[in-house]
Protein chains: 2
Amino acid sequence: MVVDEAGGAAVDRIFHALADATRRDIVTRVLRHGQSVSTLARHYPMSFAAVQKHVAVLERAALVTKERRGREQVVHGNPAALRRAARLLDAYERIWRDRVHAIDQILAEDPER
Amino acid sequence: MVVDEAGGAAVDRIFHALADATRRDIVTRVLRHGQSVSTLARHYPMSFAAVQKHVAVLERAALVTKERRGREQVVHGNPAALRRAARLLDAYERIWRDRVHAIDQILAEDPER
DNA sequence: CTAACGTGCAACCACATGGTTGTAGATGAG
DNA sequence: CTCATCTACAACCATGTGGTTGCACGTTAG
């Protein structure tokens with residue numbers, strides 16, 4: 001009935017994290033290879049703290065992870081969460097295309113990670 | 001590289017519209033067949049006005065359309081926009097999946113990081 | 001050791017969001 | 001016609017968001 005249910009909040013966080021061009025750009029950027037927060041910050045016309053917040057949002061959505069490396073904090077794309085997000089988008093696409101249900105299965109098999 | 005370019009704001013609206021469980025539910029619901037706003041509202045534990053706002057958000061994202069039918073306003077899923085959205089999600093998915101796949105390969109052949 | 005750098009956090013601001021209630025205009029039912 | 005229904009919109013409130021600046025702390029470079 002309710003399509004999300006179990007993973008609802010997580011899905012909220014994922015879509016919300018993706019609803020910002022800067023954050024989408026950060027994700028695609030760090031997927032190439034990890035970058036420190038300050039290195040990332042240099043690419044955007046905003047303060048370091050602002051970029052730091054964006055990274056925090058992506059982190060809460062589990063789309064990226066941070067790895068301490070000396071005094072730097074290296075941001076990586078999170079393969080597992082990204083795959084989950086991709087499959088989630090798949091499921092919605094399928095619903096919309098075929099007008100069938102069956103998204104619950106996908107969410108059920110990988111609940112709230 | 002830059003997936004957004006022209007439609008950046010539109011992408012923002014689409015992902016933002018999807019970042020709410022109630023709105024996602026409305027979309028899947030009206031895809032089965034159009035429903036009036038008040039009919040929709042009866043399914044959710046919130047006021048009619050709140051549901052009306054959610055529909056407005058979905059409408060701004062072009063994920064649904066409204067059709068006057070007598071005194072009712074029937075909400076439909078917008079097939080064209082939905083397909084475009086699905087394609088858009090596809091594009092992101094492909095980028096990410098390819099990169100994730102590459103990352104997995106690297107990790108697979110060199111387990112110790 | 002000292003200075004510079006990278007980070008995290010808090011305070012603050014303007015504005016959007018998600019919810020409420022209330023009101024008013026169209027439209028259909030009786 | 002009259003009344004109930006559906007819709008739209010405005011005002012309002014609490015909270016969240018995206019941005020800023022400033023400061024403190026740990027770590028690295030010289």
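Protein chains get the first letters and strands the later ones, always in sequence-line order, with residue 1 at the start of each. We use all heavy atoms of the structure for the numbers below, so side chains are in, but hydrogens, waters and symmetry mates are not.
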Student: Please figure out whether A/Arg71 or B/Ser36 has its closest DNA chain D nucleotide nearer the 5' end.
Tutor: B/Ser36

Student: If you look at every heavy atom in A/Gln73 and A/Lys66, which pair is closest and at what distance?
Tutor: CG-CD, 3.5 Å

Student: Can you confirm whether A/Met46 sits close enough to A/Thr22 that some side-chain heavy atom of one is under 4.5 Å from a side-chain heavy atom of the other?
Tutor: yes

Student: Measure CG/A/Leu40 against P/C/dG6 and give the value in whole Å, please.
Tutor: 13 Å

Student: Rounded to whole Å, please give me the gap between CZ in A/Arg13 and P in D/dT17.
Tutor: 11 Å

Student: Please produce a list of atom pairs where a protein N or O lies less than 3.5 Å from an N or O of nucleotides 16-21 of chain C.
Tutor:
from: C/dG18; atom 1: OP1; to: B/Arg23; atom 2: NH1; distance (Å): 3.3
from: C/dG18; atom 1: OP1; to: B/Arg23; atom 2: NH2; distance (Å): 3.0
from: C/dG18; atom 1: OP2; to: B/Arg23; atom 2: NH1; distance (Å): 3.2
from: C/dG19; atom 1: OP2; to: B/His54; atom 2: NE2; distance (Å): 2.2
from: C/dG19; atom 1: N7; to: B/Lys53; atom 2: NZ; distance (Å): 3.1
from: C/dG19; atom 1: O6; to: B/Lys53; atom 2: NZ; distance (Å): 2.1
from: C/dT20; atom 1: OP1; to: B/Ser47; atom 2: N; distance (Å): 3.4
from: C/dT20; atom 1: OP2; to: B/Ser47; atom 2: N; distance (Å): 2.9
from: C/dT20; atom 1: OP2; to: B/Ser47; atom 2: OG; distance (Å): 2.6

Student: To the nearest Å, how far apart are A/Glu72 CD and D/dT27 P?
Tutor: 13 Å

Student: A/Asp12 CG to D/dG16 P: how many Å, rounded?
Tutor: 14 Å

Student: Taking it one step at a time, do A/Ile14 and A/Arg84 satisfy side chain to side chain contact (heavy atoms under 4.5 Å, CB included)?
Tutor: CA-CA 10 Å; A/Ile14 290 173; A/Arg84 181 170 185 268; 3.9 Å; yes

Student: Please name all residues satisfying salt bridge (charged side-chain N to carboxylate O under 4.0 Å, His left out) with B/Glu72, sequence neighbours left out, ordered by chain then number.
Tutor: none

Student: Whole angstroms only, please: what is the CZ-C1' distance between A/Arg68 and C/dG6?
Tutor: 8 Å

Student: Could you walk me through whether A/Gln35 and A/His76 pass side chain to side chain contact (heavy atoms under 4.5 Å, CB included), step by step?
Tutor: CA-CA 7 Å; A/Gln35 298 185 34; A/His76 299 273; over 6 Å; no

Student: Give the angle between the helix axes at the two ends of the helix from C/dC1-D/dG30 to C/dG30-D/dC1, taking five base pairs at each end and rounding to 10°.
Tutor: 30°

Student: Any base atoms under 4.0 Å from B/Arg69, or only sugar-phosphate, or nothing? Heavy atoms, all strands.
Tutor: nothing

Student: Indicate yes or no: does B/Asp98 engage B/Arg94 in a salt bridge with an N to O separation below 4.0 Å.
Tutor: no

Student: Return no unless some side-chain N or O of A/Gln52 is found under 4.0 Å from OP1 or OP2 of C/dC9.
Tutor: no

Student: Just to verify, which of A/Leu40, A/Val27, A/Leu58, A/Thr65 counts as forming a side chain to side chain contact (heavy atoms under 4.5 Å, CB included) with A/Val75?
Tutor: A/Leu40

Student: Just to confirm, is there a sub-4.0 Å distance from OP1 or OP2 of C/dC5 to any side-chain nitrogen or oxygen of A/Ser38?
Tutor: no

Student: Any Lys/Arg nitrogen of B/Arg24 or A/Asp12 sitting under 4.0 Å from an Asp/Glu carboxylate oxygen of the other?
Tutor: yes

Student: Report yes if the side chains of A/Thr28 and B/Trp96 come closer than 4.5 Å at any heavy-atom pair, otherwise no.
Tutor: yes

